[in-house]
Structure formats: structure tokens, C-alpha cells
Amino acid sequence: MARPALRVDAVLVQAVIAGALSFAHLHDLAAAAGQSGWKAWAYPVSVDLLLVAAWHRLRNGGSKSAAWCWFVIALIASLGANVATAGLLDLDDVPTWLRILVAGWPAVAFLGGTLLAHGSRTQAPEPSREPVPADNGDPEASDPAPELPPASVPVPAPAPVPPALVALARKVADEHRARTGTAIDTSTLRARLGVPLPLAEAITTHHLT
């Protein structure tokens, strides 16, 4: 199985070279300002870490103004060391103000790194927990059905009764009243006339009252 060919990233190589030179310049400036031994090596590390922390905050959200502020501070420290060690400053006779800046840098770097690493970050608002009505595809399904007024029940019209049958029914009813002293009921009228019950009820309701 053939191994993949190694690809060299020119930008990465350039970044490594620039970082190494800046690292060396910061070390030389710290050593010239009276920070000897391991302390001179710790200065470039603190500057680079502050740059990385600020860049990380810019990429991942949070307070952009604070991240840019500390990024610029670390960048000025790095560029200042590069310019100072390029022959513009006598490293054998470092001015007092520069010694003070170098001596105070650890506190500045500690403050910036702490604020960037543990500062407040913007959080997305939590979604609302209010219940959402179920959607079954019908936009009108969740609306209550309108109340309809009760429909009136139509009263059936009385069945047509032949006049001759009405006259016969009245005669039978009169005979029944004369004999019993009471009005004839529907069942008796039906039996006497020999008609269906609905017709007897129609005659009793509409023609004998």
C-alpha cells in the first residue's frame, strides 16, 4: 500500500519561522531588561499565549471588544520587541521605562489571559417551553366548532281526511257521547270506523275538538 505523499504548507512554514524569530526577539529583550535565566524564556511564551487566547475568543464568540483589546496589546508587545532588537535599541543600555514595562508584563499577561479564559460569554436564549398545539395538517382543526342554533323540528301537516269520513266520525262521536257521556277516544274511533291509527289520530285531533 503506497503511503500518501507529504504536503508542505508554505503558510504554516512561514508562521513557524515568524513565530521563532519573534520568540527569540522577546527573549533577547527580556534578558537585556534584567530578566535572566528561565524568566527570559517565559516572556515570549506569555506573549504568544495571550495572542492565542485572544484569537480563540474572536473565533468562538464572546466579547469581541475585549478580545480585540488584548489581541492588540499582545501584538504590540511582540512587534515592539522585534523593532527594539533590530538595532534601534542599545541592548547593553536599556532605558528605565522599558525595564519597568518588561517587569510589569507578567501581571498584564495574567490579567488578560484570565479575563479571556473565564470572562462572560454570550449564550443563546433558551427555547420557550410553552406547549405547542399539535398540528395534524389541517389549519382549522384546532379551532373549536362553532355552535349552531338548534334546528326547529318541522311539524308534519295533518293527513288529508275525506269530508265524508269526517262527517261519519262526528256522527259516531256524538252517539258515543250521548251513550256514555264522555268524548270518544282514538282507539274506539279507530275500531268503529275501521281506519288506520294515524288517520284516527288526525280525525280526533283536528276534526273532533
Side-chain angles (χ1 to χ4, degrees), residues 1-137 139 141-142:
M1 182 177 180
R3 295 182 179 179
L6 296 177
R7 299 180 59 183
V8 179
D9 190 343
V11 177
L12 181 59
V13 173
Q14 182 182 11
V16 171
I17 294 174
L21 292 175
S22 179
F23 193 93
H25 292 159
L26 284 166
H27 168 268
D28 295 343
L29 181 62
Q35 307 297 327
S36 60
W38 66 270
K39 293 182 290 184
W41 293 106
Y43 274 83
V45 173
S46 67
V47 173
D48 291 343
L49 287 180
L50 187 58
L51 279 171
V52 172
W55 181 248
H56 180 75
R57 174 60 68 87
L58 289 173
R59 292 291 301 274
N60 295 338
S63 177
K64 299 294 185 181
S65 58
W68 275 114
C69 177
W70 289 108
F71 184 83
V72 170
I73 291 175
L75 187 62
I76 291 176
S78 179
L79 291 176
N82 296 337
V83 174
T85 56
L88 300 180
L89 179 67
D90 185 4
L91 297 181
D92 295 330
D93 186 15
V94 178
T96 304
W97 62 267
L98 185 56
R99 292 177 182 271
I100 296 175
L101 289 179
V102 172
W105 171 256
V108 175
F110 175 78
L111 176 62
T114 302
L115 293 177
L116 290 173
H118 302 287
S120 60
R121 298 186 179 182
T122 304
Q123 296 182 353
E126 296 184 358
S128 175
R129 299 182 180 274
E130 296 180 359
V132 179
D135 185 7
N136 58 0
S142 58

Approximate separation, where rounding is to 0.5 Å, of T85 OG1 and H27 NE2: 12.0 Å
Closest heavy-atom pair and its distance - V102, Q35: CG1-CG, 3.8 Å
K64 to R57 - nearest heavy-atom pair and separation: NZ-O, 4.3 Å
Separation between CG of L79 and CG of L26, rounded to the nearest 0.5 Å: 9.5 Å
Distance in Å, D93 CG paired with L98 CG, rounded so as to fall on 0.5 Å steps: 11.0 Å
For the student: nearest non-hydrogen atoms of A103 and Y43, plus distance: CA-OH, 3.9 Å
Euclidean distance, H56 NE2 relative to L51 CG, rounded to 0.5 Å: 14.5 Å
Side chain proximity check, L116 to W55, heavy atoms < 4.5 angstrom: no
Straight-line distance of L111 CG to L115 CG, nearest 0.5 Å: 4.5 Å
Smallest separation among heavy atoms of H25 and N82, with atom names: ND1-OD1, 2.8 Å
Heavy-atom closest pair, residues A84 and L29: CB-CD1, 4.3 Å
Minimal non-hydrogen separation, L50 against G112, with atom names: CD1-C, 3.8 Å
Beyond-backbone contact of V47 with W105, side-chain heavy atoms, under 4.5 angstrom: yes
Heavy-atom donor-acceptor pair, S78 side chain to L75 backbone, under 3.5 Å: no
Flag side-chain contact, heavy atom, 4.5 Å: W70 against V108: yes
Side-chain (T114) to main-chain (F110) donor-acceptor, under 3.5 angstrom: yes
